[in-house]
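Throughout, a chain's letter reflects where its sequence line sits, starting with A, and its residues are numbered from 1.
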Amino acid sequence: MKWSKAFIPTVKETPQDADIVSHKLMVRSGLIHKLSSGLYSYLPLGLMVIRKIESIIKEEMSKKDAIELLMPILQPKEIWLKSERYEMMSEVMLKANDRENREFILGPTHEEIITDIVAHKIDSYRSLPKNFYQIQAKFRDEIRPRFGVIRAREFIMKDGYSFSMTQIESEKIYQDMYEAYGVIFKRCGLDCAVIEADTGVMGGRKSHEFTALADVGEDTVVSCKSCTYAANMELAKRQVQEKSIMGIRQDPLIEVSTPGMKRVEELTDFFSCGPMCFIKTLIYKGDEKIYAVLIRGDLEVNENKLRHYLKEQVINLAEAEEIIRITGADVGFSGPIGLKDIPLIADISVRNMTNAITGANKNNLHYKNVNPGRDCVIYDYLDIGFPVTGDLCPNCNDELVFKRGIEVGQVFQLGTKYSSKLSAVLQNEKREDVPLIMGCYGIGVSRTVAAIIEQNHDEFGIIWPMETAPFKVIVIPLVYKDEIKKTADMIYDRLRSNNVEVLMDDRNERPGFKFADADLIGIPIKVIIGKKTLQEGKIEIKIRKTGEVQKISPDHLINKINELITSL
RNA sequence: CGGGGCGUAGCGCAGUCCGGUUAGCGCGCCUGCCUUGGGAGCAGGAAGCCGAUGGUUCGAAUCCAUUCGCCCCGACCA
């Protein structure tokens with residue numbers, strides 16, 4: 001492609017509405033153009049990159065015998081009522097009515113649709129397992145679109161769904177997809193953490209997230225300094241560092257007057273000690289039961305973990321009046337001592353606390369020198385807090401570290417949630433009706449572009465990893481005239497006839513201008529043709545990433561380029 | 001949805017408090033000259049319903065009200 005024929009609207013100034021690197025660079029290098037909040041057009045260069053990623057995905061999917069299909073974006077409301085997800089997903093679904101006033105939604109995902117296909121078209125267990133996928137625009141009416149293409153409302157996603165008769169088969173596919181994802185993101189040039197993840201609205205039993213590490217990411221990855229343990233914030237297990245509290249004497253319990261002091265900050269001043277000296281007591285309600293949850297004053301309860309451990313469907317903080325009824329005191333003065341008939345659930349951070357401060361379940365009073373075990377009976381110690389710096393790995397006891405990342409892929413074991421609701425049920429060889437066991441596997445294609453840029457750029461622009469580069473080579477004639485033009489044309493033709501994806505900057509611009517654009521759009525290899533080097537019978541090759549320059553004879557160019565393409 | 005910010009030429013911005021000729025600047029664009037190894041220089045030029053609507057006023061980009069859009073923080077999140 002010659003630049004003059006292409007459409008690559010680069011801009012020097014950084015766009016006003018972008019504040020992360022990938023977004024700025026995608027706009028500046030002419031990859032995308034915003035139509036409206038969360039809606040982006042992919043301009044030719046951007047689409048080329050998308051296609052590169054898609055073809056990597058397709059290759060790796062097909063190696064694992066996954067098969068591609070395409071489902072409608074518009075979906076009838078009824079099917080979502082059937083799967084009982086309409087309410088849950090209602091907020092992110094854009095609704096639309098047709099001329100007959102039938103109700104439709106713009107599909108945020110396709111579990112329902114694929115399950116419907118399978119329910120109708122697969123009639124024997126002998127045809128299973130099957131693993132389908134599609135690559136398509138999805139629409140989610142995000143509460144707050146942001147970070148350019150990273151959290152857009154319309155975005156391109158590869159979504160895959162597997163159907164199996166047995167758990168073992170299903171796990172095999174899960175494993176296959178897990179492996180394929182690793183390869184895909186590696187080929188995309190991404191440094192990904194694979195982490196244990198929450199299944200969220202998808203439901204199901206097991207899930208891993210592929211998260212591209214980047215400072216701007218929306219996800220926090222919790223990982224171990226030395227072993228392979230990694231999880232997202234929601235799921236991360238942890239051990240609490242045991243301070244050397246051995247030998248600290250348990251002092252006698254004292255009641256202290258604390259008029260009007262409800263918040264930990266107010267109390268830290270009063271008692272002149274840090275929040276770590278306090279035990280927060282939170283009253284939670286499950287479906288029916290009530291729990292008192294204890295956690296160290298500086299930590300937050302992870303309600304997901306709590307709900308999970310307590311085997312409750314929902315778990316909520318009690319209302320103010322209920323707290324008064326249960327504890328006998330206002331919010332802010334709850335404590336573990338004297339709570340009758342309510343199980344005390346303590347976070348592991350409480351286990352080794354000595355002489356702590358807690359509410360007294362009487363207004364304007366706190367207890368000092370509270371020692372769990374001595375002063376109250378803890379029903380159970382559980383890991384129900386969010387990890388913080390200083391917490392230790394659940395596996396190996398080394399330190400946990402925290403990194404930000406962009407979630408680019410996630411794999412789920414779904415179980416039979418959708419198959420049973422949408423009657424994807426088959427008889428097995430024992431003539432028993434079995435709902436199919438499903439898995440689902442997503443890749444955010446468009447946000448992968450942003451993630452690649454986050455990880456591969458410098459002050460001058462994008463540095464495309466070879467496999468995702470829209471062009472491998474850019475030919476830059478310093479002046480597109482005379483001998484230089486002739487040589488440039490010749491080299492351009494030669495590269496093209498050797499199937500090298502090449503862009504030639506044939507514009508009548510000054511060299512510096514062309515160099516800056518080439519750097520901005522991130523083409524991995526520059527071939528520079530200038531008067532001086534040409535007089536030596538040479539042309540120049542410059543590597544975008546390293547800046548390394550070599551001069552070679554035009555005759556050796558093709559070999560050299562091919563060598564660079566495979567080695568970079 | 002709560003909090004904050006911003007809408008002025010294609011892009012980035014000044015002007016708005018404190019109303020007053022013809023609304024500016026940089027980049028980009030067009031013409032010409034010149035230049036060609038890291039976003040050149042000179043000369044000339046085109047381009048704006050000052051987001052929209054309504055009000056106040058002799059007079060509104062500027063003040064008031066309403067409204068729409070966009071961005072950031074939070075809640076939320078394959």
Side-chain angles (χ1 to χ4, degrees), chain A residues 9-20 23-24 27-28 30 33-39 85 88-93 107-111 136 138-148 150-153 155-161 197-204 207-211 216-220 232-234 406-412 414 440-448 459-461 476-482 484-485 505 507-521 526 528-535 539-540 542 547 549 551:
Chain A
T10 58
V11 280
K12 194 161 32 169
E13 315 214 39
T14 86
Q16 168 262 140
D17 57 2
D19 66 350
I20 65 167
H23 189 190
K24 286 178 189 166
V27 174
R28 288 193 51 212
H33 178 72
K34 184 171 77 180
L35 175 64
S36 176
S37 179
L39 301 178
R85 278 213 297 180
M88 193 175 10
M89 299 283 279
S90 186
E91 289 202 329
V92 298
M93 297 195 292
T109 177
H110 282 72
E111 283 78 13
Q136 186 198 41
K138 291 274 183 286
F139 190 93
R140 288 186 194 171
D141 196 4
E142 293 289 349
I143 293 171
R144 177 144 96 88
R146 60 181 132 179
F147 300 140
I150 291 180
R151 180 154 298 271
R153 293 197 291 173
F155 56 100
I156 300 168
M157 176 171 172
K158 171 263 168 185
D159 48 327
Y161 309 91
D198 188 54
T199 51
V201 290
M202 306 304 297
S207 177
H208 284 90
E209 257 175 42
F210 290 73
T211 298
V216 298
E218 294 183 281
D219 282 19
T220 300
N232 75 9
M233 262 311 217
E234 283 294 302
I406 300 162
E407 182 197 336
V408 286
Q410 189 163 7
V411 291
F412 299 86
L414 291 179
C440 101
Y441 319 97
I443 292 178
V445 177
S446 38
R447 73 162 50 163
T448 297
E459 55 187 309
F460 303 110
I476 304 179
L478 291 183
V479 184
Y480 194 52
K481 268 200 237 170
D482 310 327
I484 297 178
K485 177 176 193 293
D505 196 343
R507 295 174 300 175
N508 182 24
E509 295 288 354
R510 296 168 59 86
F513 188 93
K514 294 187 185 183
F515 287 140
D517 260 356
D519 286 345
L520 178 61
I521 68 171
K526 289 190 201 69
I528 302 161
I529 300 145
K531 207 198 279 180
K532 280 181 210 150
T533 38
L534 206 54
Q535 278 163 0
I539 54 177
E540 222 168 275
K542 187 167 182 179
V549 176
K551 294 179 183 178

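Considering only residues two or more places apart in sequence or on other chains, A:P511 meets the side-chain contact (heavy atoms from CB on, under 4.5 Å) condition with A:L478, A:F515. The ring pair (Phe, Tyr, Trp, His ring centres under 6.0 Å) check on A:H110 picks up nothing, with sequence neighbours excluded. Not counting sequence neighbours, the partners of A:D159 by the side chain to side chain donor-acceptor pair (under 3.5 Å) test are A:Q134, A:K138, A:Y161. Among residues two or more places apart in sequence or in another chain, the ring pair (Phe, Tyr, Trp, His ring centres under 6.0 Å) test is passed with A:F210 by A:Y178, A:Y181, A:F185. A:E218 pairs by the side chain to side chain donor-acceptor pair (under 3.5 Å) definition with A:R151, not counting sequence neighbours. Partners of A:D17 according to the side chain to side chain donor-acceptor pair (under 3.5 Å) rule, which considers only residues two or more places apart in sequence or in another chain, are A:K34. Checked against salt bridge (Lys or Arg N to Asp or Glu O under 4.0 Å), A:K481 has no partners two or more places apart in sequence or in another chain.
Under a 4.0 Å N-O distance rule, the pair A:D19/A:K24 does not qualify as a salt bridge. The pair A:R85-A:E111 meets the salt-bridge criterion, with a side-chain N (NZ, NE, NH1 or NH2) lying under 4.0 Å from an Asp/Glu carboxylate O.
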When you compare the protein's N or O atoms with those of nucleotides 24-27 of chain B, which come within less than 3.5 Å of each other, and at what distance?
| from | atom 1 | to | atom 2 | distance (Å) |
| --- | --- | --- | --- | --- |
| B:rG26 | N2 | A:E13 | OE2 | 2.5 |

Could you go through nucleotides 72-76 of chain B and list every protein N or O atom that sits under 3.5 Å from one of its N or O atoms, giving the distance for each pair?
| from | atom 1 | to | atom 2 | distance (Å) |
| --- | --- | --- | --- | --- |
| B:rC73 | OP2 | A:R144 | NH1 | 3.1 |
| B:rC73 | OP2 | A:R144 | NH2 | 2.7 |
| B:rC76 | N4 | A:R146 | NH2 | 3.3 |

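In terms of heavy atoms, A:I521 sits closest to A:T10 at CG2-CG2, 3.8 Å.
As judged by a 4.0 angstrom heavy-atom cut-off over every strand, A:T14 is placed among residues touching the sugar-phosphate backbone only. Contacts of A:R153 with the nucleic acid, taken as non-hydrogen atoms under 4.0 Å apart, are absent. Within 4.0 Å (heavy atoms only), A:F155 reaches at least one base atom of the nucleic acid. Across all strands shown, A:I484 has no heavy atoms under 4.0 Å from either base or sugar-phosphate atoms. Using a 4.0 Å heavy-atom criterion, one finds that A:G444 contacts the bases of the nucleic acid, with or without backbone contacts as well. If you check every strand for non-hydrogen atoms under 4.0 Å, A:K34 touches sugar and phosphate atoms only.
Phosphate proximity of B:rG37 to A:K514: absent, as no side-chain N or O sits under 4.0 Å from OP1 or OP2. Look at A:S36 and you won't find any side-chain N or O under 4.0 angstrom from OP1 or OP2 of B:rG69.
The base of B:rG39 is not paired with the side chain of A:E509 by any donor and acceptor separated by under 3.5 Å. In this model, a side-chain donor or acceptor of A:K542 finds a partner on the base of B:rG38 within 3.5 Å.
The interatomic distance linking A:F513 (CZ) with B:rA40 (C1') rounds to 12 Å, in whole Å.
Considering only side-chain atoms of A:R510, the nucleotide from B:rU35, B:rG39, B:rG12 that sits closest is B:rU35. Among the nucleotides B:rG37, B:rC13, B:rG38, the one closest to the side chain of A:D519 is B:rG38.
Using P as the reference atom, B:rC30 and B:rA23 are 26 Å apart when rounded to the nearest Å. Of the P atoms belonging to B:rA14 and B:rU22, the separation is 25 Å, rounded to the nearest Å.
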